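What you are looking at is a predicted structure, and each value in this text was computed from that prediction instead of being measured.
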Amino acid sequence: MEQKVQIESTADGSHTLFVPSLNEHYHSVNGAKQESEHIYINAGLLHSTKEKLNLLEIGFGTGLNAYLTLLITEQTTKDINYISLELYPLSIDIVKGLNYVENSDSKYKSLYLKLHESEWNCKNEITPSFYLTKIQTDFSQLDSPINSDVLFDVIYFDAFAPEKQSEMWSQEIFNYLYSKTNKGGILTTYCAKGVVRRMLQQAGYCVERLAGPPGKREILRAVRF
């Protein structure tokens, strides 16, 4: 399964993808890389005090969040088991056209490609401190084959916007994610709509509004205490 996408540049120079059928971008046009760093790395991953953690991503997309997370394991002592759910994997030709590793040395270019070239639906060792499992699934059906014993310390909720993909923003989904969140676990998302905040709270999370990246006033961080 594949959807038609177009590569576009954002305000910080990093690429995003535009989906004509949804009239939607994968990232903020105000800066793809800085958006991912602000919401998922700084407000999510680096807010966790755990060194060894399980991380769930809703929406693998371009692999930017996974790549930035991999870089953190290279720069710190964090050891990450990364599980990502995606319904529409990108072709390798599209991936090679993205500029996230354009000015990086060959090691990091190789690691970025390895994220995409690794086999789907099984656990892959990308580095000794970063394991990746990409699962091709429609998460809105809540039938993803996630190991029932795994609880997550960090969740990146990066689905398309509610007005574009409303089935991904339901109370049932947030209830399920809460049940899969470890005590002290963190969920971050770019969407700060009141209805999303209330669904997270109803699921059981303690939710706070945080300042957003350039072009966005607020984001949400939810914690299971």
Side-chain angles (χ1 to χ4, degrees), residues 1-29 31-37 39-41 45 54-75 80-141 143-146 154-161 164-165 168 190:
M1 242 184 304
E2 188 175 342
Q3 56 187 0
K4 186 177 179 182
V5 295
Q6 301 166 2
I7 296 177
E8 295 185 1
S9 291
T10 64
D12 67 358
S14 59
H15 282 158
T16 189
L17 296 176
F18 177 68
V19 186
S21 62
L22 294 176
N23 190 31
E24 179 79 330
H25 291 87
Y26 273 56
H27 311 93
S28 169
V29 296
K33 185 171 179 287
Q34 66 186 4
E35 177 191 43
S36 289
E37 289 175 334
I39 300 170
Y40 302 109
I41 304 302
L45 177 60
N54 293 316
L55 191 154
L56 175 66
E57 176 186 41
I58 309 300
F60 184 73
T62 64
L64 179 56
N65 292 337
Y67 177 65
L68 294 174
T69 302
L70 172 58
L71 291 184
I72 294 299
T73 66
E74 294 284 298
Q75 299 159 3
I80 296 176
N81 176 36
Y82 196 105
I83 297 174
S84 187
L85 311 182
E86 175 62 56
L87 182 56
Y88 300 108
L90 297 173
S91 71
I92 198 65
D93 289 338
I94 290 289
V95 169
K96 288 180 176 178
L98 298 168
N99 68 354
Y100 305 138
V101 291
E102 191 173 66
N103 298 314
S104 303
D105 62 33
S106 58
K107 172 187 175 182
Y108 292 105
K109 290 179 180 178
S110 173
L111 286 174
Y112 178 64
L113 282 178
K114 192 173 181 181
L115 293 172
H116 285 277
E117 292 173 339
S118 61
E119 191 174 347
W120 283 80
N121 303 310
C122 66
K123 191 172 185 177
N124 301 271
E125 180 181 335
I126 306 301
T127 69
S129 56
F130 188 94
Y131 283 78
L132 172 66
T133 304
K134 297 179 297 184
I135 301 173
Q136 187 172 5
T137 185
D138 181 356
F139 185 61
S140 69
Q141 301 301 309
D143 60 357
S144 61
I146 300 174
V154 176
I155 298 174
Y156 300 163
F157 196 86
D158 200 14
F160 286 122
K164 305 292 183 178
Q165 206 175 34
M168 290 296 295
Y190 65 88

Report task. May I ask you to test the I80-L70 pair for a side-chain heavy-atom distance under 4.5 Å? Result -> no
Report summary line: Interatomic distance, CZ@F160 vs CG@L87, rounded to 0.5 Å, equals 10.0 Å
Query raised in the report: Taking C-beta and beyond as the side chain, do L71 and L111 meet within less than 4.5 Å on heavy atoms?
Result: no
Report summary line: When every non-hydrogen atom of I83 is compared with those of I135, the smallest separation belongs to CG2-CD1, 3.9 Å
Query - Minimum-distance pair of heavy atoms, taken over all atoms of Q165 and A159 - result: OE1-CB, 4.0 Å
Query - Inter-residue atom distance S118.OG - L113.CG, 0.5 Å rounding - result: 11.0 Å
Report summary line: Between H27 and H15 the two heavy atoms that sit nearest each other are ND1-O, 4.0 Å
Report task. Indicate whether any N or O donor in one side chain lies under 3.5 Å from an N or O acceptor in the other, for D12 and S14. Result -> yes
Report task. Among T16, L98, I94, find the residue that satisfies the side chain to side chain contact (heavy atoms under 4.5 Å, CB included) test when tested with T62. Result -> L98
Query raised in the report: About how many Å separate CD of Q3 and CG of L22, when rounded to the nearest 0.5 Å?
Result: 6.0 Å
Requested in this report: Flag yes if more than 12 heavy atoms outside E119 fall under 6.0 Å of its CD atom; otherwise flag no.
Outcome: no
Query raised in the report: Does some side-chain heavy atom of K134 sit less than 4.5 Å from a side-chain heavy atom of L115?
Result: no
Query raised in the report: Are any of the side-chain heavy atoms of K4 and S21 separated by less than 4.5 Å?
Result: no
Query raised in the report: Ignoring hydrogens and geometry, is there a side-chain-to-backbone donor-acceptor pair from K33 to G13 under 3.5 Å?
Result: no
Query - Distance-minimising heavy-atom pair for Y112 and V95 - result: CE2-CG1, 3.8 Å
Query - L64 vs Y26 side-chain heavy atoms within contact, under 4.5 Å - result: no
Requested in this report: Indicate yes or no for a side-chain donor-acceptor contact from T137 to the backbone of L85 under 3.5 Å, with no hydrogens or angles considered.
Outcome: no
Report task. Would you check if F157 and Y190 make a side-chain contact, meaning some heavy-atom pair closer than 4.5 Å? Result -> no
Query raised in the report: Donor-acceptor pair, E35 side chain versus S28 backbone, under 3.5 Å?
Result: yes
Query raised in the report: What is the ring orientation for Y67 with Y108, classed by angle as parallel under 30°, tilted 30 to 60°, or perpendicular over 60°?
Result: perpendicular
Query raised in the report: Of all heavy-atom pairs between A66 and F60, which one has the smallest distance, and what is that distance?
Result: CB-CE1, 3.7 Å
Requested in this report: Return yes if some donor-acceptor pair links the side-chain N/O of H116 with the main-chain N/O of S91 below 3.5 Å, else return no.
Outcome: no
**Report entry** With sequence neighbours excluded, residues passing salt bridge (Lys or Arg N to Asp or Glu O under 4.0 Å) with E86
**Finding:** none
**Report entry** Backbone N/O of K96 and side chain of D93: donor-acceptor pair under 3.5 Å
**Finding:** no
Requested in this report: Look at the side chain of N121 and the backbone N and O of Q136, then say whether any donor-acceptor pair between them is shorter than 3.5 Å.
Outcome: yes
Query - T69/Y156 under side chain to side chain donor-acceptor pair (under 3.5 Å): CA gap, chis, key distance, verdict - result: CA-CA 11 Å; T69 302; Y156 300 163; 2.8 Å; yes
Query - Heavy-atom donor-acceptor pair, K123 side chain to Y131 backbone, under 3.5 Å - result: no
Query - Test item: I7 and L17 side chains (from C-beta on) under 4.5 Å apart, heavy atoms - result: yes
Requested in this report: Give a yes or no on whether the backbone of L45 and the side-chain of Y40 come within a donor-acceptor separation of less than 3.5 Å.
Outcome: no
Query raised in the report: If only atom types and distance count, is the side chain of T10 paired as donor or acceptor with the main-chain N or O of A32 below 3.5 Å?
Result: yes
**Report entry** salt bridge (Lys or Arg N to Asp or Glu O under 4.0 Å) partners for K114, two or more places apart
**Finding:** none
Query - Interatomic distance, T133 atom OG1 to N124 atom CG [nearest 0.5 angstrom] - result: 6.5 Å
**Report entry** Residue pair Y82 / N65, side-chain heavy-atom distance below 4.5 Å
**Finding:** yes
Requested in this report: Look only at the side chain of D138 and the backbone of S140, and say whether a donor-acceptor pair between them is shorter than 3.5 Å.
Outcome: yes
Requested in this report: Check G61 against L90 and note the closest heavy-atom contact, atom names and distance.
Outcome: O-CD1, 3.4 Å
